[in-house]
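So that the names make sense, note that chain A is the first sequence line, chain B the second, and so on, each numbered from 1.
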There are 2 protein chains.
Amino acid sequence: MLSKKTKYGIKALTFIARQPERNPVQTSEIAKSENISQKFLESILLILRKSGFLGSKKGKGGGYYLIKEPEDIKMTAIIRVLEGPIAMVPCVSLNYYEKCDDCPDEKTCSVHKLMIQVRDSTLNVLGDNTLADLT
Amino acid sequence: MLSKKTKYGIKALTFIARQPERNPVQTSEIAKSENISQKFLESILLILRKSGFLGSKKGKGGGYYLIKEPEDIKMTAIIRVLEGPIAMVPCVSLNYYEKCDDCPDEKTCSVHKLMIQVRDSTLNVLGDNTLADLT
DNA sequence: TAATAACCTACTAAATCGATAGGTTAATAG
DNA sequence: CTATTAACCTATCGATTTAGTAGGTTATTA
């Protein structure tokens with residue numbers, strides 16, 4: 001299941017990407033429009049800023065703005081930052097690999113074999129879609 | 001993330017499907033071979049029996065056995081029983097649909113649009129694979 | 001200097017997960 | 001008929017994660 005954190009993060013980024021001007025958008029505006037708890041959203045946008053998706057400006061007229069073009073922001077990147085691994089099992093994760101403690105040999109593991117296929121197909125979809133495709 | 005429940009369930013089913021004879025396999029044997037807590041595995045095999053994947057036999061020489069041919073057991077069916085929805089968001093789930101409380105219109109929701117694609121590609125992989133493919 | 005909005009830290013209620021404990025029931029072997 | 005075996009059932013539990021809330025501080029603008 002996708003966490004609300006990730007879901008809200010994607011919605012917020014989409015909201016910002018939809019702005020006609022490149023003006024900063026306030027957290028409160030996004031929160032109201034997308035029905036998200038403002039405090040929770042604050043923490044999400046902070047993560048997205050710290051990981052290089054957003055810039056920010058304080059004080060009146062401040063807010064968050066996109067640093068890159070929506071076409072250049074792949075959904076894989078967003079989801080990895082907010083949700084963590086895309087793979088359903090750590091032992092097939094490209095960016096968050098971890099060995100299973102129960103599995104002695106990945107090569108003969110039936111789950112491993114299957115989850116690699118799932119990972120690849122998911123990766124294809126999320127790699128093909130950019131923020132621009134969601135606007 | 002795939003739960004251990006589902007992971008162990010798939011491993012157990014694969015183990016049973018690998019048996020040369022159709023003889024019942026004991027929980028203890030699977031647990032030992034696959035490094036799974038026996039008690040936990042018991043509860044999983046019980047679910048798989050109640051949902052029609054396995055038959056069981058009590059007493060000495062008892063255990064669990066497949067009811068259908070491995071070729072006829074799709075991975076989608078197994079995962080839906082053990083893990084629940086395959087979709088990452090309830091609002092795009094075919095078997096466990098639920099409306100999002102924050103989202104006023106699914107048609108214009110960016111997350112919805114994306115998650116439908118992820119669901120379909122995952123469904124393709126899990127629908128193409130049967131238990132026989134994992135053995 | 002007041003208002004604004006991002007930024008930061010800490011806490012928490014509720015749910016879920018991965019078990020464990022301690023039995024009961026039914027089938028088989030001797 | 002009895003002991004053993006293995007499935008079956010119910011309850012509980014510690015740890016972790018989730019989705020927030022509370023209450024501030026810092027920097028920018030009018």
Any donor-acceptor pair under 3.5 Å from A/Arg119 side chain to A/Val92 backbone: yes
Is the phosphate of [N] approached by [X] (side-chain N or O, under 4.0 Å from OP1 or OP2)?
X	N	answer
B/Arg49	D/dC8	yes
A/Tyr8	D/dG20	yes
B/Thr27	D/dA6	no
A/Ser28	C/dA5	no

Identified side-chain hydrogen bond (donor to acceptor under 3.5 Å, both in side chains) partner of B/Gln117 from the options A/Asn129, A/Asn124, A/Thr122, A/Asp128: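 So, applying the side-chain hydrogen bond (donor to acceptor under 3.5 Å, both in side chains) to B/Gln117 and each of A/Asn129, A/Asn124, A/Thr122, A/Asp128, only A/Asn129 qualifies.
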Tell me the interatomic distance from [X], atom [atom1], to [N], atom [atom2], rounded to whole angstroms.
X	N	atom1	atom2	value
A/Lys4	D/dT18	NZ	P	13 Å
B/Phe40	C/dA19	CZ	P	6 Å
B/Gln38	C/dG18	CD	C1'	16 Å
B/Lys57	C/dA27	NZ	C1'	8 Å
B/Lys60	D/dT5	NZ	C1'	7 Å
B/Asn35	C/dG18	CG	C1'	16 Å
B/Lys58	D/dT4	NZ	C1'	15 Å
B/Asn23	D/dA6	CG	C1'	15 Å

What's the closest nucleotide to the side chain of [X] if the choices are [options]?
X	options	value
B/Gln26	C/dG18, D/dG20, D/dA6	D/dA6
B/Lys39	C/dA19, D/dT26, C/dG22	C/dG22
B/Lys50	C/dA6, D/dC9, C/dG18	D/dC9
A/Glu42	C/dC8, D/dA7, C/dA19	C/dC8

Run the side-chain contact (heavy atoms from CB on, under 4.5 Å) test on B/Leu66 and B/Leu54 for me, step by step, so that the C-alpha distance in whole Å, both residues' side-chain angles and the decisive distance to 0.1 Å come before the verdict. CA-CA 5 Å; B/Leu66 283 181; B/Leu54 296 173; 3.7 Å; yes
Where each residue is assigned the nucleotide of DNA chain C containing its nearest heavy atom, which of B/Leu2 and A/Ser56 is assigned the position nearer the 5′ end?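 Here A/Ser56 is the residue nearer the 5' end.
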More 5' along DNA chain D: A/Ser37 or B/Tyr64, using each one's nearest nucleotide?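 Nearer the 5' end of the strand: B/Tyr64.
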Report yes if some heavy atom in the side chain of B/Tyr64 is under 4.5 Å from a heavy atom in the side chain of B/Leu46; otherwise report no. yes
If you apply the rule salt bridge (Lys or Arg N to Asp or Glu O under 4.0 Å), what do you find for A/Lys11 with B/Asp102, and how did you get there? CA-CA 11 Å; A/Lys11 283 192 167 191; B/Asp102 59 298; 2.8 Å; yes
